[in-house]
Amino acid sequence: MNAVPLLDVQNVSQAFSKPDGDQLVVLEGVNVTLREGEIVGLLGRSGSGKSTLLRVIAGLNLPTVGEVRYLGNSVEGPADGIAMVFQGFALFPWLTVLENVQLGLEAQGVPAAEGRQRSLQAIDLIGLDGFESAYPRELSGGMRQRVGFARALVVHPNILLMDEPFSALDVLTAETLRTDFLDLWCEGQLPIKSVLLVTHNIDEAVQMCDRLLIFSTHPGRVVSEIPISMPRPRNANDPRYIALVDRVYSEMTTRRNGEQRPGGRVERFPGTGIGTILTHVSSNLLSGLMEAVAEEPYRGKADLPDIAENLQMEAGDLLPVAEALQMLRFAEIERGDIRLTEAGAQFVREETDERKRLFSRHLLTYVPLAAHIRRVLDERKGKSAPKRRFADELEDYMAEEAAEETLRTVISWGRYAEAFAYDDNQQAFSLDNPA
Ligand code: ADP
Ligand code: MG
């Protein structure tokens, strides 16, 4: 193994200025090393700063503190040996597959004839032979993402950064592309030396990686490292595999000093607490998970990967549901298990109307934004308030998209609980039947 790692991320922090002038610290003291021959996975919840870290490594963001060293040299702009595959397809619709792939080489000043030759090879390698002259709109999502891979591979980068490259695909397509990529990697056919894969999909991480880094949220920091030495292909029924998934789950759900509990981000913004990001989870999923945990064989306490499989859900998709239940104090998550609270167990026993009353009580008690909206509506003469007003407030704490999702979540929970109403046309909250 080389003495100098391919990539060395040293003590990187990244902060952004919020509209009110305060700093949002997204990454803090991040250290990551990447060596030749390995696929390293970076697992963290949504919003934990994974994409930001990749942008820093690719030289697209300059870190606030710290340094990225590539082959021993400081990265201060886009580096030639580092390429990225994005979550979306990001193809130019007016260019053919071949032209889209060739683009990266032109930027590097490779002569046209050689560029064409190498692009055709990359297209062939990734399984798009015969589609060189097709336009993106003529391709399925899976094929479009293959173009994204070809475009990154054609420059023969030492390091391939992948930002949730399979998450925009349907389950089967993602599985096929993942397997194809892994086969090529194992056969040594890919013109790359090392991969950093960002994902929130625990199974994908355990399938693909030699080493996993678990990322905490607020701020993003590497809190744990899990080596995986199982030979590939890895069988999901192998007890070692199951134990690994369990361990990753547990690491991702352990509360650490300094890290906000998912339900406790409230403390981050003393006085209001409305700045908590709410991931969108439907009330149906919330009650569905509570019911499943209450039933046999779990009777109130379940291992999360186990119940995910039982519900035929991706482990990674279940976590936000469990976190929402924890925030609402209907359940607690600890060390990879979910346990219903007294209130959660009661919710499951009740009929619809009583469920809604209970949900409303918890929503208005434990979700500060919901309480805030309700208070504003109560105080207003017309018992209504435009969404814009709350969006403006939230944007002091979070990016616009996060504010949008947070509002979408509180709207759907508020509607279910009948805690307040929301008119999509007017884009306004109101109290239908002021209590
Ligand atoms: P992840 O990829 O883990 O979901 P991101 O790196 O996209 O997370 O974002 C982490 C946080 O940083 C989010 O709260 C996001 O709103 C914020 N963020 C990312 N880029 C910027 C930016 N350019 N300006 C302000 N905030 C940003
Ligand atoms: Mg991201």
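Every number for a ligand or one of its atoms is a count from 1 in the order of the listing. Start at 1 with the first residue, then count along the sequence. What you see is a predicted model; the values in this text were computed from it and never measured.
- A salt bridge does not link Lys50 to Asp163: none of the charged nitrogens lies less than 4.0 Å from a carboxylate oxygen.
- A cation-pi arrangement, defined by a distance under 6.0 Å to the six-membered ring centre and an angle within 45 degrees of its axis, is present between Arg178 and Phe166.
- For an aromatic pair to be called close, the ring centres must be under 6.0 Å apart, and Phe429 with Phe390 satisfies this.
- A donor-acceptor contact shorter than 3.5 Å links the side chain of Arg329 to the backbone of Met327.
- Side-chain atoms of Thr173 do not come within 3.5 Å of backbone N or O of Leu169 as any donor-acceptor pair.
- Distances from the Mg ion (ligand 2) under 2.8 Å pick out these protein N/O/S atoms: Ser51 OG.
- Using a heavy-atom distance under 4.0 Å as the criterion, the protein contacts of ligand 1 are Phe16, Val26, Arg45, Ser46, Gly47, Ser48, Gly49, Lys50, Ser51, Thr52, Ala399.
- A distance-only check finds no donor-acceptor pair linking the side chain of Gln14 to the backbone of Val25 [under 3.5 Å].
- In this structure, the side chain of Ser250 does not engage the main chain of Asp246 through any donor-acceptor pair within 3.5 Å.
- Judged by distance alone, with hydrogens and angles left aside, the side-chain atoms of Gln326 form a donor-acceptor pair with the main-chain N or O of Ile333 at under 3.5 Å.
- Put simply, CD1 on Ile123 and CG on Leu128 are 7.0 Å apart, with the number rounded to the nearest 0.5 Å.
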